[in-house]
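No experiment lies behind these values; they were computed from the predicted model shown. Numbers for residues simply follow the sequence, beginning at 1.
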Amino acid sequence: MGKRAGMVMSTVCSFFIVAYEIIAKGDPFFQAFESSLIMISIMYIVGWFVGVLIDNDVQYQEQLKENILSLNEEIEHRKQVEQQYRKLSSVVEQSPNIIIICDTEGKIEYVNPRFTQVTGYSYDNAIGKELKPGGYDPGKFKQLWELVKTGEVWQGEFCNKKKNGEEYWESATISPFRNPEGVITHFLKIAEDITERKKVEKEMERLERLHLVGEMAAGIGHEVRNPMTTVRGFLQMLRRKDEFVNHMKYLNLMVEELDRANSIITEYLSLARNRVVNFKMQNLNSILEALLPLITADAMNSDKNIIMKLGEISDLFLDEREMRQLILNLARNGFESMSSGGILTVGTFMDGDEVVLSVQDQGQGIEAAVLDRIGDPFFTTKENGTGLGLSVCYSIAARHNATIKIKTGSAGSIFLVRFKPGRDKEEVLSGTAAKTVLM
């Protein structure tokens with residue numbers, strides 16, 4: 001269009017030049033045209049050049065419009081990409097799982113905040129370090145690493161260590177990152193902290209063992225006690241006869257051993273899941289006050305001391321007989337862990353809406369290997385122990401929908417029995433397992 005307009009303008013100008021020559025000089029048309037030919041040619045050249053400039057300007061304007069439109073589309077696309085990136089970044093940063101990115105040599109390049117929360121290592125502490133679980137078998141980890149380097153995805157559970165040396169369990173997935181050419185450039189680890197789940201599973205297994213022992217005892221207890229009762233009755237009858245006076249020491253010993261066997265059977269029966277309990281709304285402090293003379297007598301016999309600190313607590317649905325057994329077992333366990341002159345502190349207090357029974361000794365603490373097995377049936381560190389005392393405590397706690405926590409150190413141990421609040425008897429009876437939390 002620009003060229004056509006330039007040529008039209010040149011033609012009009014040429015016409016006026018020729019017309020001027022005809023009118024002003026009186027020359028005929030062909031003579032006037034011939035005399036003005038150079039000027040006419042210049043006019044057409046100028047018209048063509050102007051037309052080209054106009055054409056270029058029009059094309060430039062159209063191209064500019066296209067470029068601006070394309071630029072706007074690119075800006076909008078980048079905004080969408082940035083928004084999507086921010087969403088993905090926020091998901092990674094706020095993820096409840098541990099997320100780690102490392103290079104092909106296993107050097108960590110990124111960790112999310114959850115990693116810091118769980119492990120205690122800061123971002124700066126982790127970057128550049130080698131991805132290697134602290135509590136995992138080196139040989140197995142080498143096999144794991146060789147597997148993911150081939151492009152396979154690894155899934156599993158393993159034990160790891162925090163910055164403070166404490167162990168925790170992870171359920172992890174390690175998968176490769178590939179570039180557009182399909183080459184592995186990085187590895188991604190996504191892990192969930194399953195420490196609490198592992199503890200619950202472990203306690204459930206322990207309680208199942210307790211219940212199994214209790215059920216076995218319930219099945220044979222009656223049959224064993226019947227002949228024992230008969231034998232004990234005849235021994236008591238023989239002790240009253242004069243001709244057996246010289247054998248009284250042996251008769252007494254046999255009766256004592258029968259009573260001891262009977263008490264062991266009673267402890268076995270305490271482990272049974274379906275044991276009949278008599279729940280009544282009452283205050284734990286009342287049971288402790290009634291037991292104080294008996295606990296004090298035990299303390300005096302073993303040259304120990306007892307302090308009782310009872311706080312104001314809520315009433316609970318409790319089986320008094322089982323509570324007495326639980327308290328006595330924990331108290332006697334504390335006495336046995338201390339040397340002469342040690343002090344056992346028994347107390348109660350409220351923690352939120354939970355009633356807490358505390359039994360604290362001044363022993364040497366509990367070793368980690370022993371701590372893991374506390375409550376297992378038949379496990380004991382005592383020369384003459386049956387390994388059932390603390391097992392019974394866990395069973396009783398389970399029937400009262402309570403948990404047992406243990407704090408231990410070089411200054412002694414604290415057993416904390418935490419009773420969950422229940423509005424009625426059915427809520428208490430709904431408790432199926434006691435959990436042990438080692439702190």
Side-chain angles (χ1 to χ4, degrees), residues 209-278 287-306 319-342 344 346 361 375-396 399:
R209 292 196 297 270
L210 295 180
H211 298 325
L212 177 61
V213 172
E215 289 167 5
M216 292 174 60
I220 65 175
H222 178 71
E223 299 299 327
V224 173
R225 274 178 165 171
N226 279 343
M228 285 174 58
T229 302
T230 302
V231 172
R232 192 179 190 282
F234 276 106
L235 288 173
Q236 287 178 315
M237 182 183 68
L238 294 175
R239 285 195 302 182
R240 292 194 292 268
K241 294 184 176 293
D242 295 336
E243 59 267 34
F244 291 100
V245 170
N246 295 331
H247 303 286
M248 192 62 66
K249 180 175 67 174
Y250 303 110
L251 294 174
N252 289 336
L253 178 61
M254 285 188 283
V255 171
E256 289 174 3
E257 289 301 307
L258 284 172
D259 289 340
R260 180 171 176 272
N262 188 58
S263 67
I264 292 174
I265 293 174
T266 301
E267 285 187 324
Y268 275 103
L269 293 174
S270 297
L271 301 175
R273 187 201 312 261
N274 56 353
R275 186 181 181 190
V276 177
V277 288
N278 182 23
I287 300 175
L288 284 165
E289 289 169 350
L291 278 177
L292 181 57
L294 182 57
I295 299 175
T296 302
D298 285 346
M300 293 176 64
N301 290 336
S302 58
D303 194 22
K304 312 289 169 49
N305 300 289
I306 173 73
D319 181 298
E320 183 175 355
R321 180 172 55 84
E322 289 206 327
M323 280 299 102
R324 290 170 64 92
Q325 187 175 9
L326 170 71
I327 295 165
L328 287 173
N329 282 1
L330 292 178
R332 288 168 179 166
N333 187 71
F335 287 139
E336 292 172 356
S337 68
M338 297 188 294
S339 56
S340 297
L344 184 76
V346 179
D361 62 56
D376 286 354
F378 313 116
F379 174 75
T380 180
T381 58
K382 304 166 189 174
E383 186 176 347
N384 297 317
T386 62
L388 294 174
L390 288 176
S391 299
V392 169
C393 291
Y394 285 106
S395 292
I396 293 173
R399 286 191 287 273

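With rounding to the nearest 0.5 Å, the separation of CG in L344 from CG in D361 is 6.5 Å. Atom-to-atom distance recorded for E322:CD and N329:CG is 11.0 Å, nearest 0.5 angstrom. Atom CG of residue L235 and atom CE of residue M254 lie 5.0 Å apart, to the nearest 0.5 angstrom. Rounded to the nearest 0.5 Å, atoms CE (M338) and CG (N333) are 10.0 Å apart.
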Expected list for residues 237-251: side-chain donor-acceptor pairs under 3.5 angstrom, two or more places apart:
residue	atom	partner	partner atom	Å
R239	NH1	N252	OD1	2.7

Would you give me the side-chain donor-acceptor pairs under 3.5 Å for residues 290-302, sequence neighbours excluded?
residue	atom	partner	partner atom	Å
T296	OG1	L292	O	2.7
D298	OD2	R332	NE	2.8
D298	OD2	R332	NH2	3.2
N301	ND2	A297	O	3.2
S302	OG	D298	O	3.0
S302	OG	A299	O	3.3

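Under a 3.5 Å cut-off, the side chain of K304 and the backbone N or O of F335 do form a donor-acceptor pair.
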